[in-house]
2 protein chains.
Amino acid sequence: MANIRDLARMAGVSVSTVSRVLNNHPYVSEEKRTAVLQAIEKSSYHKNINAVNLSRGKTMLMGVVVPYSDHPYFSLMIKGIAKLALDHNYKLVLIQTDYREDRELEALEMLREKQIDSLIICSRTCSMDIVREYAGYGHIVLCENNNDEAVSVTYVNHYRAFYRALTYLYQNGHVKIGYCIGRKTGVNSLQRQAAYRDFVSKYNLGFNEDYIIGDCLYFEDGEKVVNKLREMASPPTALLVTSDQVAAGIVTCCQKLDIAIPGELAIIGFDNQPIAKMMDITTVKIPIEEMGSNLFLQAFNGDKSRKEMQVRLIERGTV
Amino acid sequence: MANIRDLARMAGVSVSTVSRVLNNHPYVSEEKRTAVLQAIEKSSYHKNINAVNLSRGKTMLMGVVVPYSDHPYFSLMIKGIAKLALDHNYKLVLIQTDYREDRELEALEMLREKQIDSLIICSRTCSMDIVREYAGYGHIVLCENNNDEAVSVTYVNHYRAFYRALTYLYQNGHVKIGYCIGRKTGVNSLQRQAAYRDFVSKYNLGFNEDYIIGDCLYFEDGEKVVNKLREMASPPTALLVTSDQVAAGIVTCCQKLDIAIPGELAIIGFDNQPIAKMMDITTVKIPIEEMGSNLFLQAFNGDKSRKEMQVRLIERGTV
DNA sequence: GTAGGGTGTGAAACGCGTTCCAGGTCAACT
DNA sequence: AGTTGACCTGGAACGCGTTTCACACCCTAC
C-alpha cells in the first residue's frame with residue numbers, strides 16, 4: 001500500500017505538497033497538482049485514516065451510550081443523532097450498556113484514549129463524579145436534567161410532565177393511579193417518582209408501592225403489567241406508562257381480556273410514537289428525535305449548554 | 001499529556017520496556033515494571049489509541065450498515081452483533097443508510113481507510129461489483145443469500161420460507177393471497193417475489209400487482225395496508241407480512257374496524273418478535289439475533305463462509 | 001528602488017505506540 | 001569448559017499524514 005511519501009516520490013514533489021493536494025489547500029500550482037493526482041490514480045492510493053487521526057488528534061467519531069439500542073425510545077434518539085452526525089461528517093460508535101456501569105466506563109475510556117471526540121450518554125448509570133473526571137478529555141453530553149458544569153444537557157422536565165399527566169387523570173376522576181417505568185433508578189425516574197409522591201401527598205391519595213411497576217420497556221411487557229393489575233385486590237384505575245410501546249401492549253392485552261379502556265383502566269403513554277396515534281392512546285409527546293439532534297449539536301459544539309425540551313399532553317381516547 | 005517516551009524517561013527505562021508493561025508482555029523485571037507503573041500513576045498517562053491503531057494497523061472497530069436502525073428487525077440484529085462484539089473487545093460503528101448508496105459507499109470507504117477492521121452489511125444497496133472492490137481491504141459480510149466468493153454471508157432462504165408460508169395459506173383455503181414488504185428491491189425481496197410468482201403460477205392463482213404492498217416497515221404501516229385493502233374491489237383474503245410489527249399493526253387496525261381475523265383476513269407475520277406471540281400472530285420465526293451474532297463471528301474470523309439459518313412456521317391464531 | 005504581500009514549495013518536526021533485532025546475563029545441561 | 005536457552009533490555013525502524021517554518025519568486029504600491 002502506497003503512502004504519502006511514495007506519492008511524493010512518484011510525483012516528484014514534497015510530502016507537504018501531496019498533503020496540500022489531498023486536503024485541497026490553496027497554493028499548489030496546477031502543474032504539481034496534476035502530477036500528484038496522477039500519482040494517486042496510478043498507485044490507487046488511499047489515506048490511512050489512523051495516521052490522520054493521530055496527527056490531527058481527532059477521529060470524527062462520536063460515542064453514543066444507550067442502555068438498549070433496540071428500544072424505540074433510544075433508537076429514535078439515535079436516529080436524531082445520526083441525522084445531524086451525517087451532516088457534520090461524524091460517525092457514531094454505538095455503546096450498548098444494558099445499564100452496566102463497566103460498559104459505560106469503557107465508553108468514557110474511549111474518550112480518554114481519543115478514539116472518540118465526544119460522548120453522548122443517553123441514559124447514565126455511573127456517578128457524576130466519574131463522568132466529571134472524564135469531562136476534560138472531550139465533550140460529554142447527557143440527556144437528563146443535571147446542573148453539573150462539566151457537561152452539556154438536553155432534557156425534559158419529567159417532574160412537571162409527570163405531575164401534569166397525573167393531574168389530568170385526577171381531573172378525570174381517578175384517585176387510584178399507578179405508573180409503569182423502565183428502570184426505577186436513574187435521574188429521570190427519580191424525578192418522576194418525586195412528582196408521583198408529591199402528587200399523591202397533595203391530594204391525599206396514599207402512596208402504594210405496588211402501583212409502581214418497573215421493567216416496562218417493550219410492547220410485550222404490557223401483558224405483564226395487566227397480569228400484575230389483575231392480581232391486585234385494589235388495582236389502580238389509571239396508569240401512566242412511560243413508553244407508548246408498553247401502553248400499546250397494555251391496551252392490546254386489555255382488549256383481549258375485555259377490560260374496557262378507559263372505562264375500567266385509563267392509560268396515558270409517553271413519547272407520542274406513531275403507535276400511540278394509531279391506537280388512539282392519550283400520550284405525553286416528547287420530541288425524542290429532536291432531542292437526539294440537539295444532543296449531537298451540543299457534543300459537536302462543545303460549549304456547555306442546557307436545553308429543556310417542551311412536552312405536551314395529547315388527548316386521545318384512553319382517558 | 002504524557003506519552004510513552006515521557007514515561008520511559010520518568011521510569012528510567014526504554015520505550016520498549018514501557019510498551020511491554022502496558023501490554024502485559026512477559027520478560028520485564030518486577031523492579032522495572034514497578035517503576036513504569038509508578039510513572040504511569042504519577043503522570044496519569046493514557047494511551048493514545050490512534051497511535052496504537054496506526055501502529056497495529058487495526059482499530060478494533062467494526063462497521064455495521066443498516067438501512068434503519070430504529071426498525072425492530074435491524075435493532076435486534078444489532079443486538080446480536082453487539083453481544084459478540086463485546087465478548088471480542090470490538091466496538092461497533094453504526095452506519096445508517098436509509099438505503100442510500102452514497103452512505104453505503106462511505107462505510108466501504110471507512111474500511112479502505114482502515115477506520116474499521118471489517119464491515120457487516122445487514123441490507124445491501126450498492127452493487128456487488130462495488131462491494132467486491134473493497135473486499136481486499138477487510139472482511140465484508142452480508143446478510144443475504146449470495147454466492148460471491150469475496151464475502152461471507154449469513155442468510156435465510158427467503159424463497160423457501162415464503163413458499164412454505166404461501167402453501168400453508170393455500171392449504172387453509174386461501175387463493176387470493178398478497179404480501180407486504182419493506183422495499184421491493186434487494187436480494188431478499190426479489191427472492192420472495194420469485195417465490196410468490198412461482199407459487200401463484202403453480203396454483204394458477206393469477207398474479208396481481210396490487211397484492212404486493214411496499215413500504216411496510218413499522219407498526220403504524222399496518223393502517224396503511226388495511227386502507228389499501230379496503231379500496232380494492234377484490235382484496236386478498238390472506239397476507240404474508242414480512243415484519244411482525246406490521247402484522248401487529250394490521251391486526252390492531254382490523255380489530256378497530258371489526259374486520260375478523262382470520263375470518264375475513266388471515267395474517268402471517270415474519271420474525272417471531274415478542275409482539276407476535278403476545279398478539280397470537282402466526283409467524284415465520286427468523287433467528288435474527290442469532291444471525292447478528294453469526295455475522296459478527298464471520299466478520300471477526302475472516303475466513304469466507306456461508307451460513308444458512310433455519311426458519312420455522314409458528315402456528316398461532318391469525319390463520 | 002524598495003518594501004510588502006501573495007503565491008508556491010520543501011524540510012523537518014510532530015503526533016505516539018509497536019515490534020523486530022541485537023545483545024547481554026545467568027543458570028542449567030552436555 | 002562450552003553450549004543452550006530462558007530471561008531481560010534498549011535502540012531503531014515502522015506505521016503515516018499534518019503542519020509549521022523558512023525561503024524563494026514575482027508583482028504591486030509608495
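Naming convention: chains lettered A, B, ... in sequence-line order (proteins, then strands); numbering from 1 in each chain.
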A.B. asks: Name the nucleic acid region contacted by A/T17, choosing base, sugar-phosphate or nothing; use a 4.0 angstrom heavy-atom cut-off, strictly under.
C.D. replies: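 Sugar-phosphate contact only - A/T17 comes under 4.0 Å of backbone atoms but never of a base.
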A.B. asks: Counting heavy atoms from C-beta on, name the nucleotide in D/dA12, C/dC21, C/dG10 closest to the side chain of B/R20.
C.D. replies: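 Out of D/dA12, C/dC21, C/dG10, the nucleotide with an atom closest to B/R20's side chain is C/dC21.
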A.B. asks: Salt bridge or not between B/R132 and B/E149? Use side-chain N to carboxylate O under 4.0 Å.
C.D. replies: no
A.B. asks: Whole angstrom is fine here: how far is it from NZ in A/K32 over to P in C/dT7?
C.D. replies: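 Checked: the NZ to P distance equals 17 Å.
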A.B. asks: Applying a 4.0 Å non-hydrogen cut-off, can you work out what B/V18 is touching in the nucleic acid: base, sugar-phosphate, or nothing?
C.D. replies: nothing
A.B. asks: Hey, does A/S29 reach any base, or is it just sugar-phosphate, or nothing, if we go heavy atoms under 4.0 Å?
C.D. replies: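 Sugar-phosphate only.
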A.B. asks: Identify, between B/K114 and B/V15, the residue whose nearest nucleotide on DNA chain D lies closer to the 5' end.
C.D. replies: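 Nearest nucleotide further toward 5': that of B/V15.
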A.B. asks: Looking only at the side chain of A/N48 (C-beta and beyond, no hydrogens), which of the listed nucleotides D/dT18, C/dT9, D/dC16 gets closest?
C.D. replies: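 Of the options given, the side chain of A/N48 lies nearest D/dC16.
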A.B. asks: Is the shortest distance from a Lys or Arg side-chain nitrogen in A/R103 or A/E106 to a carboxylate oxygen in the other one below 4.0 Å?
C.D. replies: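 A salt bridge is absent here (no side-chain N lies under 4.0 Å from a carboxylate O).
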A.B. asks: Expressed in angstrom and rounded to an integer, what is the separation of B/N3 atom CG from C/dC14 atom P?
C.D. replies: 11 Å
A.B. asks: For A/N23, report the nucleic acid contact type (base, sugar-phosphate, nothing); a contact means any heavy atom under 4.0 Å.
C.D. replies: sugar-phosphate
A.B. asks: Send over the distance from A/R56 CZ to C/dG15 C1', rounded to a whole Å.
C.D. replies: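 From A/R56 CZ to C/dG15 C1': 13 Å.
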A.B. asks: Kindly say whether, by distance alone, the side chain of A/R5 makes a donor-acceptor pair under 3.5 Å with the base of D/dG17?
C.D. replies: yes
A.B. asks: Measuring from the side chain of A/V52 (C-beta onward, heavy atoms only), which nucleotide among D/dT19, D/dT18, D/dC16 has the closest atom?
C.D. replies: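 Given the options D/dT19, D/dT18, D/dC16, the side chain of A/V52 is closest to D/dT18.
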A.B. asks: According to the salt bridge (Lys or Arg N to Asp or Glu O under 4.0 Å) rule, which pairs have a member within residues 63-82 of chain A, sequence neighbours left out?
C.D. replies: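 Found A/D70-B/K79, A/K79-B/D70.
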A.B. asks: Rounding to an integer number of Å, can you tell me how far A/L7 CG sits from C/dG10 C1'?
C.D. replies: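 After rounding, the gap between these two atoms is 16 Å.
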A.B. asks: Nearest whole Å is fine: how far is D/dC16 P from B/N53 CG?
C.D. replies: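 Between P of D/dC16 and CG of B/N53: 13 Å.
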A.B. asks: Evaluate B/H88 against B/F296 for ring-ring contact (aromatic ring centres under 6.0 Å, His included), listing each step before the verdict.
C.D. replies: CA-CA 10 Å; B/H88 291 80; B/F296 176 86; 5.3 Å; yes
A.B. asks: Between C/dG8 and A/Y27, is there an OP1 or OP2 to side-chain N/O distance shorter than 4.0 Å?
C.D. replies: no
A.B. asks: Between A/R124 and A/E104, is the closest basic N to carboxylate O distance under 4.0 Å?
C.D. replies: no
A.B. asks: Please figure out whether B/L54 or B/L22 has its closest DNA chain C nucleotide nearer the 5' end.
C.D. replies: B/L54
A.B. asks: Taking only side-chain N and O atoms of A/K47, does any of them lie within less than 4.0 angstrom of OP1 or OP2 on D/dT18?
C.D. replies: yes
A.B. asks: Can you tell me how far P of D/dC8 sits from CG of B/N24, to the nearest Å?
C.D. replies: 15 Å
A.B. asks: For B/H25 and C/dT19, what is the distance between atoms NE2 and C1' respectively, to the nearest whole Å?
C.D. replies: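 Roughly 8 Å, once rounded to whole Å.
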A.B. asks: Under a 4.0 Å N-O cut-off, is there an ion pair linking B/D98 with B/R100?
C.D. replies: no
A.B. asks: Roughly how many Å is it from CD1 in B/I40 to P in C/dG17, rounded to a whole number?
C.D. replies: 10 Å
A.B. asks: Hey, does the side chain of B/S19 come within less than 4.0 Å of C/dT18's phosphate (OP1/OP2), counting only N and O?
C.D. replies: yes
A.B. asks: In terms of the nearest nucleotide of DNA chain D, which residue is placed more toward the 5' end: B/S55 or B/V13?
C.D. replies: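 First, find each residue's nearest nucleotide; the 5'-ward one identifies B/V13.
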